[in-house]
Protein chains: 2
Amino acid sequence: MELSYTAAPTTLKFLVVIFYYLFDMETAEFKEFAKAMTDYIAEYLDNIRDRQVVPSVKPGYLRPLVPEQAPQQPEPWTAVMADIERVVMSGVTHWHSPRFHAYFPTANSYPAIVADMLSGAIACIGFTWIASPACTELEVVMMDWLGQMLGLPDVFLAKSGGEGGGVIQGTASEATLVALLGAKARTMQRVKEEHPEWSENDILSKLVGYCNKQAHSSVERAGLLGGIKLRTLLPDNKRRLRGDTLKKAMEEDIRNGLIPFYVVATLGTTSSCTFDALDEIADVCIPHNVWVHVDAAYAGSAFICPEYRYLMKGIEKADSFNFNPHKWMLVNFDCSAMWLKQPKWIVDAFNVDPLYLKHDQQGSAPDYRHWQIPLGRRFRSLKLWFVLRLFGVENLQKHIRKQISLAHYFEKLCVSDERFELFEEVTMGLVCFRLKGDNPINEELLKRINGRGKIHLVPSKIDDVYFLRLAICSRYTEDSDINISWEEIKLSADEVIKSAKK
Amino acid sequence: MELSYTAAPTTLKFLVVIFYYLFDMETAEFKEFAKAMTDYIAEYLDNIRDRQVVPSVKPGYLRPLVPEQAPQQPEPWTAVMADIERVVMSGVTHWHSPRFHAYFPTANSYPAIVADMLSGAIACIGFTWIASPACTELEVVMMDWLGQMLGLPDVFLAKSGGEGGGVIQGTASEATLVALLGAKARTMQRVKEEHPEWSENDILSKLVGYCNKQAHSSVERAGLLGGIKLRTLLPDNKRRLRGDTLKKAMEEDIRNGLIPFYVVATLGTTSSCTFDALDEIADVCIPHNVWVHVDAAYAGSAFICPEYRYLMKGIEKADSFNFNPHKWMLVNFDCSAMWLKQPKWIVDAFNVDPLYLKHDQQGSAPDYRHWQIPLGRRFRSLKLWFVLRLFGVENLQKHIRKQISLAHYFEKLCVSDERFELFEEVTMGLVCFRLKGDNPINEELLKRINGRGKIHLVPSKIDDVYFLRLAICSRYTEDSDINISWEEIKLSADEVIKSAKK
């Protein structure tokens with residue numbers, strides 16, 4: 001280790017030597033610790049099937065397992081490793097077990113874990129280009145790679161040289177909110193020009209947005225946050241928001257003096273994975289200058305397979321599009337991919353530009369701090385880069401196709417048993433099913449299934465019909481796992497039906 | 001590997017064997033890759049001093065270095081490793097180099113990196129208690145550990161058994177926004193009761209919040225986001241927001257029919273690290289039921305040292321408090337610690353509760369999804385747990401004290417040279433200084449310093465006085481590094497003064 005500072009007195013040099021000695025010790029310990037953790041992780045994921053999917057702990061279980069206060073003196077890393085099973089794993093719900101069928105999947109892959117190690121080591125905060133050029137630039141290029149994989153129109157890609165581009169948000173909730181703010185800014189400007197006599201508050205109180213009643217709860221929250229009216233509209237009998245419904249609502253609101261400004265089209269609802277009629281919706285919005293945001297949080301990953309792109313027909317008419325590689329495309333949370341045709345509306349809405357964040361290259365590359373709610377941001381594009389290269393597009397397509405085929409396999413088992421019925425057509429990796437009969441018997445069925453502790457599902461309810469959701473979540477899931485889940489469900493159904501007959 | 005599904009036909013069994021063979025290969029590769037990355041990281045951080053702190057790349061440098069599209073077939077991990085220096089490191093600003101003095105520090109430590117590996121492997125989304133009990137419960141307990149380390153009043157701690165508690169947010173920007181929404185909800189309820197004849201929009205248009213003109217840009221953004229008026233107030237001649245200034249502004253607004261509802265008190269401003277007079281501010285707010293949020297994003301870490309707690313005098317009167325362990329307490333981004341006296345105001349504001357997120361234990365443990373803007377959340381408390389145990393409180397205190405003493409060392413060098421003056425009293429790890437003279441000479445100074453490429457600083461400007469900020473950022477920084485930075489600054493000053501004399 002050479003120091004260019006040559007005038008150090010002897011005592012200082014001695015201290016530097018001592019420092020490097022301590023420093024090297026710490027590095028050596030890190031290597032041991034990280035390698036032990038690597039082995040632990042490999043062992044955990046290799047044998048995840050053997051663990052009870054949902055722990056049997058009660059609220060408050062953890063506090064008695066750890067001291068009341070942080071230790072004054074450091075502990076050895078081996079002590080921390082020794083506590084992981086006792087304190088943490090005893091209370092973990094194993095989202096990557098093939099026995100986990102709740103919610104939607106969240107991604108987990110080895111390439112993404114290693115990429116996050118590197119991201120943690122570089123630990124830059126990429127709020128401006130100069131704060132770490134690689135952090136911004138790899139993100140710009142990865143969002144182009146990803147956009148091309150999905151077959152997004154060029155107008156969304158930075159490489160096209162137009163206004164459009166992509167950004168990695170933390171979650172789909174943030175993307176929904178960011179799009180709402182962009183829509184608000186664009187509409188405010190237009191209406192102010194048309195009605196210079198109206199105050200900002202007047203205009204704000206007239207704005208109204210729309211989404212499917214089946215849209216994700218985060219859409220409602222975005223409205224609450226932005227302090228804006230959002231109307232939830234009734235879908236058709238296939239749970240799809242249709243153009244004519246939207247048209248009717250918008251015309252009614254316009255007659256009442258309101259200003260439609262924002263529509264969220266959901267591709268793959270959380271409750272039952274249905275797809276709004278994006279093409280129809282966009283056609284209704286365009287004449288009224290209404291911003292169309294597409295929330296494809298879960299299902300968007302499937303668009304890397306060309307055979308599913310019919311579900312995003314009309315995408316070229318949308319203003320923004322979002323999906324979560326951190327759900328179904330093997331990139332660990334958080335990585336929510338968002339594209340905007342005109343990011344300028346967001347950039348302008350957020351443009352608060354103190355001197356300490358200014359730099360010489362402003363304008364020649366995006367400063368992503370203007371594209372998002374928080375100021376800080378990690379080097380998240382590394383995860384995308386590693387995952388795309390180490391799986392390759394074809395293996396990612398295989399992963400999606402396999403998970404969908406597993407859902408269809410479960411569907412086949414389910415419809416072969418005449419006691420069951422499907423609630424919704426199976427399109428992606430989610431099967432919505434129920435016992436023929438009333439809601440209480442299905443509530444009892446879910447209670448028994450989860451009570452047995454072998455597999456984990458969550459329910460949903462649409463139009464007062466309660467049903468069970470079986471999502472294919474783990475990338476380790478095979479036909480044999482589906483057989484096990486199906487046996488578990490059948491056993492519980494036997495019990496429920498038997499006890500109902502008593 | 002034993003399968004409990006015993007009825008598998010021979011072909012299925014064969015496929016399972018093939019699968020496990022492939023699967024084991026993948027695990028073996030992961031182990032190699034993660035261990036190689038561990039060695040790379042250790043090498044990177046051990047020798048970070050030798051790297052040029054800000055890269056000399058131009059905007060657009062990265063795109064030609066990578067293919068135009070993602071590969072169809074997987075690449076070996078060794079190919080990715082081989083590209084890290086060429087593609088990524090060539091464009092990285094090294095925030096953890098002792099030559100990096102820009103912005104404020106962001107944390108980086110070995111225990112946090114390893115904790116994130118585990119978080120990535122478990123990869124649960126902790127939006128509700130049942131979604132992974134350990135994820136919620138470790139966070140509750142770690143926030144108590146941390147609160148005690150800072151000497152926060154019991155009313156903020158979950159262990160006290162009252163309403164209060166802590167939560168990990170992504171960034172201070174989010175905490176500021178969450179507090180604003182809580183304040184809005186509390187005030188809306190009160191005013192609705194007092195004035196049932198006022199509409200929600202009426203009330204919203206009357207709300208007004210306050211902060212120091214020197215508060216972080218995210219405060220202004222929170223106001224923009226929430227669609228709420230925020231007044232920035234002039235600080236005293238030591239850049240502190242004082243009680244009397246606030247009192248005057250609030251009384252004026254009340255006379256004009258507005259409703260004060262929210263004040264952000266900044267402890268450690270970004271521009272020059274000054275501290276608002278929290279105690280005075282809180283005394284002004286309490287009679288008017290105004291929510292006091294304390295933003296101590298950077299400086300809050302120092303409160304783990306009792307000798308700095310005088311700077312948060314009055315904290316017991318605040319409604320919410322936030323600081324970023326991911327800045328100065330060796331927990332990698334993102335980990336922004338927030339405590340609330342009455343989280344119910346946030347929980348109610350956000351309460352959108354679809355069936356698929358309900359569970360049997362609601363109410364007996366926090367469901368953190370109601371405490372934050374996004375729905376999803378990573379297992380971030382693991383980082384806190386690892387860092388607190390593997391450093392111990394005393395070493396974390398040593399880290400803070402050492403960084404502050406390094407700032408004072410630089411201060412001493414700076415004032416010993418009569419060409420320089422301090423812009424602000426040095427309290428934490430930030431030194432604000434300038435050449436005696438006008439702004440252009442200081443702008444030229446900064447340009448030369450950064451232009452030489454050895455160290456990196458950013459400027460700020462208050463009341464039209466331009467100054468340079470030298471922040472102690474890297475945990476590797478020693479006196480000898482400060483000497484090098486000082487030599488660089490002196491050399492640039494020599495050049496600037498020489499060329500000014502020409």
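The sequence lines fix the lettering, A, B, ..., with proteins before strands; numbering per chain opens at 1. Values below: every heavy atom of this structure, side chains too, minus hydrogens, waters and symmetry copies.
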[X] portion near chain B, given a 4.5 angstrom heavy-atom threshold:
{"X": "A:Met142", "value": "neither"}
{"X": "A:Pro76", "value": "backbone"}
{"X": "A:Lys184", "value": "side chain"}
{"X": "A:Leu396", "value": "neither"}
{"X": "A:Phe333", "value": "both"}
{"X": "A:Ala158", "value": "both"}

**OP:** Give the ring-plane orientation class for B:Tyr110 versus A:Phe30, where under 30° counts as parallel, over 60° as perpendicular and anything between as tilted.
**Re:** parallel
Indicate yes or no for a side-chain donor-acceptor contact from [X] to the backbone of [Y] under 3.5 Å, with no hydrogens or angles considered.
{"X": "B:Glu137", "Y": "A:Gly60", "answer": "yes"}
{"X": "A:Trp77", "Y": "B:Phe386", "answer": "no"}
{"X": "A:Trp145", "Y": "B:Pro67", "answer": "yes"}
{"X": "B:Asn332", "Y": "A:Gly120", "answer": "yes"}

Subject >> Pick from B:Thr136, B:Val80, B:Ile130 with the largest number of heavy-atom pairs that fall under 4.5 Å of chain A >> reply: B:Val80
**OP:** Would you mind telling me which of B:Met149, B:His96, B:Arg389, B:Glu394 has the largest number of heavy-atom pairs within less than 4.5 Å of chain A?
**Re:** B:Arg389
**OP:** Compute whether any side-chain donor of one residue and acceptor of the other, for A:Asn201 and B:Ser205, lie under 3.5 angstrom apart.
**Re:** no
**OP:** Start with the C-alpha gap between A:Cys124 and B:Thr93, add the side-chain angles, then the distance that decides, and say whether side chain to side chain contact (heavy atoms under 4.5 Å, CB included) holds.
**Re:** CA-CA 7 Å; A:Cys124 61; B:Thr93 301; 5.9 Å; no
